K.L.:
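Have a look at this one.
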Amino acid sequence: MEALLELRQVSREFTVQRGLFDPRPASVKAVSDVSFQLFPGETLGLVGESGCGKSTLARMAVGLLPPSSGDVLLSGRPIGEWSALERASRIQMVFQDPFSSLDPRQSVGAGIAEPLRLAAKAAGRPLSRTEWREKVRDVLVRVGLQGEHLDRYPHEFSGGQRQRVAVARAIVAGPGVVVCDEPVSALDASVQAQVLNLLKDMQQNMGLGYLFISHDLGVIGFMSDRVAVMYLGRLVEVAGCDELFSHAAHPYTEALMAAAPSRDPSRRGRGQILSGEMPSPLSPPEGCAFHPRCPHAKPLCREEEPPLVQLNQGHAVRCHFPL
């Protein structure tokens, strides 16, 4: 089966000023040597602390940000070879804040129709106003809203309704891949459940592949088939969802599990809560980037960066001494 989306050793660097009194430019590696594949009907969850590079990776995946090195392949072709019009029908994105991702001066119907009209234009079949309005009405009903909502504006909707509008905009052109960047973190718990169930229903009906980004392990566990754990721009563990939650091999993954709330009393207090903060990408530590916070660090960890190695089929970890 051909991957819908593939990243091959993708990295992204930014040039920044070191500080107020130091005008010398410095290079920050936000994402470093990331590779993965996403297949039809699959959800790959991406989890990690704020600032680890998840959103930068998402923007490279949809072509909003070019990688400094490496390749992003969409349906087997480099994403740069697709025009913006062609990409609209193949990959879309749902952002974290549904209000800021919608144009307040544009009706939701016009906003939802935009990728649809771009895809139709790329295919050489421009849509009439009647045609796109009918398609928008259909997709609004599919996401749990009403057809007559297409002439309303974003401020007239609640947060959960606005995120449903964002989902409608992402799926209206029939893409194969949807990148979800923290799509429910700004919503109340009950509304989160509604949007997550909606995304699952859309996936089952349309065979979508999701790259689902979150810092919430509960959400990741509910949505994902496979999970990739990211730390300081690198993937440190990749495994099937059940495998990861039952046999985490990287100390950072174990610490994330220990910090997450659990309704299972037998799992409470397992693992060791991390101390300190993630190092600055301006001055990453030598060797393993995680060693300053790792309770199991040994001298080798301070000297040599570990490679990403396969523990078993589908389970890879970047650690000299996996748990």
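The structure displayed is predicted, hence computed values, not measured ones. Scope of the values below: all heavy atoms of this structure, side chains included, with no hydrogens, waters or symmetry mates.
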K.L.:
Does CD in Gln313 sit with more than 12 non-hydrogen atoms of other residues, nucleotides or ligands closer than 6.0 Å?
P.N.:
no

K.L.:
Flag this pair as yes if the NZ/CZ of Lys200 is under 6.0 angstrom from the six-membered ring centre of Tyr210 and inside a 45 degree cone about the axis; otherwise no.
P.N.:
no

K.L.:
I'd like to know if Glu305 pairs up with Arg234 as an ion pair, taking the criterion as any Lys NZ or Arg NE/NH1/NH2 lying under 4.0 Å from an Asp or Glu carboxylate oxygen.
P.N.:
yes

K.L.:
For residues Asp138 and Val141, determine if any side-chain heavy atom of one lies less than 4.5 Å from a side-chain heavy atom of the other.
P.N.:
no

K.L.:
Has the side chain of Arg8 got a donor or acceptor atom that lies under 3.5 Å from a matching backbone atom of Gly70?
P.N.:
no

K.L.:
Does a side-chain heavy-atom distance below 4.5 Å link Val179 with Val94?
P.N.:
no

K.L.:
Run the ring pair (Phe, Tyr, Trp, His ring centres under 6.0 Å) test against Tyr231 and tell me which residues pass, sequence neighbours left out.
P.N.:
Tyr252, Phe290

K.L.:
Do NZ/NE/NH1/NH2 and the carboxylate oxygens of Arg162 and Asp97 come within less than 4.0 Å?
P.N.:
no

K.L.:
How long is the span from the CG atom in Asp33 to the OG atom in Ser69, to the nearest 0.5 Å?
P.N.:
7.5 Å

K.L.:
Kindly write out the residues that satisfy ring pair (Phe, Tyr, Trp, His ring centres under 6.0 Å) with Phe36, not counting sequence neighbours, or none if the list is empty.
P.N.:
none

K.L.:
Will you find, in the side chains of Ser35 and Gln9, an N or O donor that is under 3.5 Å from an N or O acceptor?
P.N.:
no

K.L.:
Would you say the side-chain atoms of Glu114 pair up with the backbone N or O of Ala110, donor to acceptor, closer than 3.5 Å?
P.N.:
no

K.L.:
What I want to find out is whether Arg133 reaches Glu131 closely enough, with some N-O distance under 4.0 Å, to be called a salt bridge.
P.N.:
no

K.L.:
Roughly how far, to the nearest 0.5 Å, is CE of Met257 from OG1 of Thr253?
P.N.:
6.5 Å

K.L.:
For the pair Arg318 and Glu304, find out whether any cationic side-chain nitrogen is under 4.0 Å from an anionic carboxylate oxygen.
P.N.:
no

K.L.:
Any donor-acceptor pair under 3.5 Å linking the side chain of Asp188 with the backbone of Val191?
P.N.:
no

K.L.:
Using 4.0 Å as the upper bound for N to carboxylate O, is an ion pair formed by Asp71 and Arg77?
P.N.:
no

K.L.:
Walk me through whether Thr43 and Gln203 qualify under side-chain hydrogen bond (donor to acceptor under 3.5 Å, both in side chains).
P.N.:
CA-CA 9 Å; Thr43 300; Gln203 185 176 48; 2.9 Å; yes

K.L.:
A side-chain contact here means heavy atoms from C-beta on lying under 4.5 Å apart; do Leu65 and Phe14 qualify?
P.N.:
yes

K.L.:
Are any non-hydrogen side-chain atoms of Ser185 and Ser214 less than 4.5 angstrom apart?
P.N.:
no

K.L.:
When rounded to the nearest 0.5 angstrom, what is the spacing between CG in Leu323 and NE2 in His247?
P.N.:
12.0 Å

K.L.:
After noting the C-alpha distance and the side-chain angles of Glu49 and Arg293, does the key distance pass the salt bridge (charged side-chain N to carboxylate O under 4.0 Å, His left out) rule?
P.N.:
CA-CA 14 Å; Glu49 291 173 276; Arg293 305 172 72 190; 3.0 Å; yes

K.L.:
Is there side-chain contact between Leu73 and Leu5, with heavy atoms separated by less than 4.5 Å?
P.N.:
no

K.L.:
Looking only at side chains, do Glu182 and His215 share a donor and an acceptor under 3.5 Å apart?
P.N.:
yes

K.L.:
Can a donor-acceptor pair be found, under 3.5 Å and without considering hydrogens, that links the side chain of Trp82 to the backbone of Leu74?
P.N.:
yes

K.L.:
Please name the pair of heavy atoms, one in Val72 and one in Pro67, separated by the smallest distance, quoted to 0.1 Å.
P.N.:
CG2-CG, 4.4 Å

K.L.:
Taking NZ, NE, NH1 and NH2 as the nitrogens, is one of them in Glu42 or Arg226 under 4.0 Å from a carboxylate oxygen of the other?
P.N.:
yes

K.L.:
Checking the side chain of His149 only, and the main-chain atoms of Gln146 only, is there a donor and an acceptor separated by less than 3.5 Å?
P.N.:
yes

K.L.:
Taking atom CD as the centre, does Glu303 end up with more than 12 heavy-atom neighbours from other residues, nucleotides or ligands that are less than 6.0 angstrom away?
P.N.:
yes

K.L.:
Looking only at the side chains, is there a donor atom on one of Ser55 and Asp181 sitting less than 3.5 Å from an acceptor on the other?
P.N.:
yes

K.L.:
Side chains of Gln163 and Val184: closer than 4.5 Å at any heavy-atom pair?
P.N.:
no

K.L.:
Between Glu237 and His250 (side chain of the first, backbone of the second, donor and acceptor by atom type, cut-off under 3.5 Å), is there such a pair?
P.N.:
yes

K.L.:
Return yes if some donor-acceptor pair links the side-chain N/O of Arg12 with the main-chain N/O of Pro66 below 3.5 Å, else return no.
P.N.:
yes

K.L.:
Treating Lys54 as the side-chain partner and Gly48 as the backbone partner, does any N or O pair qualify as donor plus acceptor under 3.5 Å?
P.N.:
yes

K.L.:
Is any side-chain heavy atom of Val177 closer than 4.5 Å to a side-chain heavy atom of Arg90?
P.N.:
no

K.L.:
For the CG atom on Asp242, are there more than 12 heavy atoms of other groups (residues, nucleotides or ligands in this structure) within a distance under 6.0 Å?
P.N.:
no

K.L.:
Run the side-chain hydrogen bond (donor to acceptor under 3.5 Å, both in side chains) test on Glu13 and Ser27 for me, step by step, so that the C-alpha distance in whole Å, both residues' side-chain angles and the decisive distance to 0.1 Å come before the verdict.
P.N.:
CA-CA 6 Å; Glu13 295 185 18; Ser27 179; 2.8 Å; yes

K.L.:
In Å, rounded to the nearest 0.5 Å, how long is the span from OG of Ser32 to CG of Leu57?
P.N.:
11.5 Å

K.L.:
With side chains defined as the heavy atoms from C-beta onward, is the minimum distance between Leu311 and Pro322 less than 4.5 Å?
P.N.:
yes

K.L.:
Does Glu86 reach the main-chain N or O of Ser83 with its side chain, forming a donor-acceptor pair under 3.5 Å?
P.N.:
yes

K.L.:
Identify, with sequence neighbours excluded, every residue that meets ring pair (Phe, Tyr, Trp, His ring centres under 6.0 Å) alongside His291.
P.N.:
none

